[in-house]
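What follows is a short report on a single structure.
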Amino acid sequence: TQKADFGGAARAFACGFSCNHKGYILCGMCQTADTNDVWEYTPSTNTWISRMPYPGAGRENMVGFSIGTRAYVGTGGSLLNPNANDWWAFDPGTNSWASKASVPGVGRTAAVAFNIDSVGYLGTGWGTARLADFYEYNPTTNTWTPKAAFPGTARYMAVGFSIGMKGYIATGDDGSIKQPDCWEYTLANTWSQSATLDHGRASAVGFGMATKGYVGIGFDNFPTMSVYQDFWELGNTAGIDDGPMKNESIKAFPNPFTEYISVSYTLEKSAAVKIEMFDLTGKSVCVLSDKLNQYPGEYSVKWNANESNLNNGMYILTIKAGQKVYTRKINLLK
């Protein structure tokens with residue numbers, strides 16, 4: 001259904017996000033120059049209003065994500081403006097921008113960004129060359145942490161999205177060919193290759209909803225430029241729908257915990273099960289249980305934090321069952 005036209009000038013290569021049940025479009029390339037204006041869309045009234053402009057220079061191909069009641073946006077560039085690494089938080093409630101810690105590494109454009117739960121991730125793009133670096137952003141501490149580099153070829157104009165507690169980067173331009181591949185990232189700081197699209201492409205779009213991911217459109221240039229209209233679903237991913245157990249069958253309690261934490265799960269298929277804890281840098285800090293073979297049924301493991309020298313903070317609990325890895329965030333408060 002066609003809705004009210006966008007409130008700003010016509011443009012391309014803009015950035016969009018949703019926050020607090022409203023939609024936003026900002027920056028991009030207009031006919032004569034890059035812009036830094038910001039527009040808010042309210043679905044219930046089908047109206048657009050102008051909001052506080054983006055504080056950085058006008059630009060194209062920015063990335064961002066929303067966490068809680070704020071959005072986080074940055075990077076991007078154009079032929080007229082150098083690639084940027086600035087990073088800003090937008091608060092719709094106060095219509096204000098706040099400068100945040102810059103994205104590490106070189107300034108970049110056409111990167112990918114997505115969030116998993118309350119943490120953001122950003123990587124790839126074009127700086128002085130195509131990039132494959134990858135970083136985690138913690139909005140609570142306003143810090144960036146280098147993570148395992150994207151294992152595919154360095155690229156830009158890829159797509160990024162999350163499904164449940166895992167992230168995905170797919171397609172993109174690596175210089176020699178438009179890629180059709182898709183890679184899955186886990187909170188244990190590991191990458192693995194996922195499904196492959198029928199056609200390699202760049203400047204596609206991708207998003208995750210519930211237990212599925214979606215990727216489509218875009219273009220390639222071999223042997224002549226083709227612009228695509230196809231649209232694809234990535235399903236049965238990340239151990240969400242298919243595997244020895246289901247995510248909802250995994251319980252970790254109490255959380256936060258001060259001394260003991262109990263991990264319970266229900267196996268639907270026989271599998272070897274390993275329960276392990278990682279810190280936020282991806283380093284393994286403790287193995288709670290490692291069983292070579294378990295049969296369908298209910299299981300529980302209790303662990304005493306006093307048996308370790310772990311500091312207070314957030315950890316990633318992983319349960320590897322067969323070839324699937326399931327994750328939970330847990331907080332230790334001694």
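Everything numeric here is computed off the predicted structure, so don't read it as measured data. Worth knowing before you read on, the calculation uses all heavy atoms, side chains too, and leaves out hydrogens, waters and symmetry mates.
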(request) Would you check if the side chain of Trp88 reaches a backbone N or O of Pro55 as a donor-acceptor pair within less than 3.5 Å? (result) no
(request) Could you check whether the rings of Tyr54 and Trp97 sit parallel, tilted or perpendicular, using 30° and 60° as the cut-offs? (result) perpendicular
(message) Check whether Asp181 reaches the backbone of Gln193 with its side chain - one donor and one acceptor, N or O, closer than 3.5 Å.
(response) no
(request) Could you check if a side-chain atom of Phe257 sits within less than 4.5 angstrom of a side-chain atom of Ile330, using non-hydrogen atoms only? (result) yes
(request) Please determine if Asp37 and Arg11 form a salt bridge, counting it only when a charged side-chain N lies under 4.0 Å from a carboxylate O. (result) yes
(message) Rounded to the nearest 0.5 Å, what separates atom CD1 in Ile116 from atom CD1 in Ile163?
(response) 10.5 Å
(request) For the pair Asp173 and Lys178, find out whether any cationic side-chain nitrogen is under 4.0 Å from an anionic carboxylate oxygen. (result) yes
(message) Looking only at side-chain N and O atoms, does Tyr137 offer a donor or acceptor that is under 3.5 Å from a partner on Asn142?
(response) yes
(request) State plainly whether one hydrophobic cluster holds both Val63 and Ile25, where clusters connect Ile, Leu, Val, Met, Phe, Trp and Tyr through side-chain heavy atoms under 4.5 angstrom apart. (result) no
(request) Assert yes or no for the condition that the ring centre distance of Phe134 to Tyr121 is strictly below 6.0 Å. (result) yes
(message) Do Asn331 and Asn255 have side chains that approach each other closer than 4.5 Å (heavy atoms only, starting at C-beta)?
(response) yes
(message) Using a 6.0 Å distance limit plus a 45 degree cone around the ring axis, check whether Arg201 lies over the aromatic ring of Tyr228.
(response) yes
(request) With side-chain contact (heavy atoms from CB on, under 4.5 Å) as the test, would you mind laying out the steps for Thr258 and Lys334 before giving the verdict? (result) CA-CA 4 Å; Thr258 58; Lys334 290 184 179 179; 5.9 Å; no
(message) Taking the side chain as everything from C-beta on, heavy atoms only, tell me whether Met245 gets closer than 4.5 Å to Thr266.
(response) no
(request) Report, as yes or no, whether the 6.0 Å neighbourhood of atom CH2 on Trp232 holds more than 12 heavy atoms from other residues, nucleotides or ligands. (result) no
(request) Using atom types as modelled and distance alone, determine if a side-chain donor or acceptor of Asn20 lies under 3.5 Å from a backbone N or O of Lys22. (result) no
(message) For the backbone of Ser270 and the side chain of Asn293, can you confirm whether one donor and one acceptor N or O come within less than 3.5 Å of each other?
(response) no
(message) Would you say Gln179 and Thr171 are linked by a side-chain donor-acceptor pair, where the criterion is simply a distance under 3.5 Å?
(response) no
(request) Report yes or no: does Ser66 contribute a side-chain atom to a donor-acceptor pair with the main-chain N or O of Ser18 at less than 3.5 Å? (result) yes
(message) Does any part of the side chain of Arg51, heavy atoms only, come nearer than 4.5 Å to the side chain of Leu26, both counted from C-beta?
(response) no
(message) Looking at every heavy atom in both Ser78 and Asn83, which two are closest together, and how far apart are they?
(response) N-OD1, 4.5 Å
(request) Measure the spacing between CD of Glu259 and CG of Asn304 and express it to the nearest 0.5 Å. (result) 5.0 Å
(message) Could you check whether any side-chain heavy atom of Tyr315 comes within less than 4.5 Å of a side-chain heavy atom of Leu332, counting everything from C-beta outward?
(response) yes
(request) Look at the side chain of Trp191 and the backbone N and O of Trp183, then say whether any donor-acceptor pair between them is shorter than 3.5 Å. (result) no
(request) Find the distance between OH (Tyr265) and CD1 (Ile250) and round it off to the nearest 0.5 Å. (result) 9.5 Å
(message) To the closest 0.5 Å, what do you measure between NZ (Lys166) and OG (Ser194)?
(response) 9.5 Å
(message) Heavy-atom count check: over 12 atoms from other residues, nucleotides or ligands less than 6.0 Å from Asp198 CG?
(response) yes
(request) Assess whether ring-ring contact (aromatic ring centres under 6.0 Å, His included) is satisfied between Trp48 and Phe6, documenting all intermediate values. (result) CA-CA 7 Å; Trp48 293 91; Phe6 172 62; 5.2 Å; yes
(request) Kindly check if the number of other-residue, nucleotide or ligand heavy atoms within 6.0 Å of NZ (Lys283) is above 12? (result) no
(message) Tell me whether Thr42 contacts the main-chain N or O of Ser44 through its side chain, where contact means a donor paired with an acceptor under 3.5 Å.
(response) no
(request) Classify the angle between the aromatic ring planes of Phe65 and Tyr72 as parallel (below 30°), tilted (30 to 60°) or perpendicular (above 60°). (result) tilted
(request) For the pair Asp34 and Arg59, find out whether any cationic side-chain nitrogen is under 4.0 Å from an anionic carboxylate oxygen. (result) no
(request) Please confirm whether the backbone N or O of Ala148 pairs with a side-chain atom of Asn189, one donor and one acceptor, at under 3.5 Å? (result) yes
(request) For the residue pair Lys329 and Ile316, establish whether any side-chain heavy-atom pair is separated by less than 4.5 Å. (result) yes
(message) Does this structure show an ion pair linking Arg328 with Asp117, if we count only N-O contacts that are shorter than 4.0 Å?
(response) no
(request) Could you please spell out the steps behind the ring-ring contact (aromatic ring centres under 6.0 Å, His included) verdict for Phe207 and Phe161? (result) CA-CA 5 Å; Phe207 52 86; Phe161 54 91; 8.0 Å; no
(message) How about NZ on Lys320, more than 12 heavy atoms from neighbouring residues, nucleotides or ligands closer than 6.0 Å, or not?
(response) no
(message) Counting the benzene-type ring for Trp, do Trp303 and Tyr260 have ring centres under 6.0 Å apart?
(response) no
(message) Less than 3.5 Å apart, any donor N or O on the side chain of Asn85 or Trp87 sitting next to an acceptor on the other?
(response) no
(message) I'd like to know if Val73 and Ile67 are part of one continuous hydrophobic network [Ile/Leu/Val/Met/Phe/Trp/Tyr, side-chain heavy atoms within less than 4.5 Å].
(response) no
(message) Within the structure provided, determine whether Ile169 and Val159 are in side-chain contact (heavy-atom separation under 4.5 Å).
(response) no
(message) Has Asp91 got a side-chain atom pairing as donor or acceptor with Asn95's backbone, closer than 3.5 angstrom?
(response) no
(message) Please verify the inter-ring angle class for Phe90 with Tyr24; under 30° counts as parallel, over 60° as perpendicular, anything in between as tilted.
(response) perpendicular
(message) Keeping Lys274 on the side-chain end and Gly322 on the backbone end, is there a donor-acceptor pair under 3.5 Å?
(response) no
(message) Working to the nearest 0.5 angstrom, can you tell me the gap between Cys27 SG and Phe13 CZ?
(response) 14.0 Å
(message) Under the criterion side-chain contact (heavy atoms from CB on, under 4.5 Å), I'd like the reasoning laid out for Ser264 against Tyr299: C-alpha separation, chi angles, the key distance, then a yes or no.
(response) CA-CA 6 Å; Ser264 64; Tyr299 295 89; over 6 Å; no
(request) Side-chain contact test, heavy atoms from C-beta onward, threshold under 4.5 Å: evaluate it for Thr109 versus Glu60 and give yes or no. (result) no
(message) Nearest 0.5 angstrom please: Met157 CE to Thr124 OG1, how far?
(response) 11.0 Å
(message) Pairing donors with acceptors under 3.5 angstrom, does anything connect the side chains of Tyr156 and Asn61?
(response) no
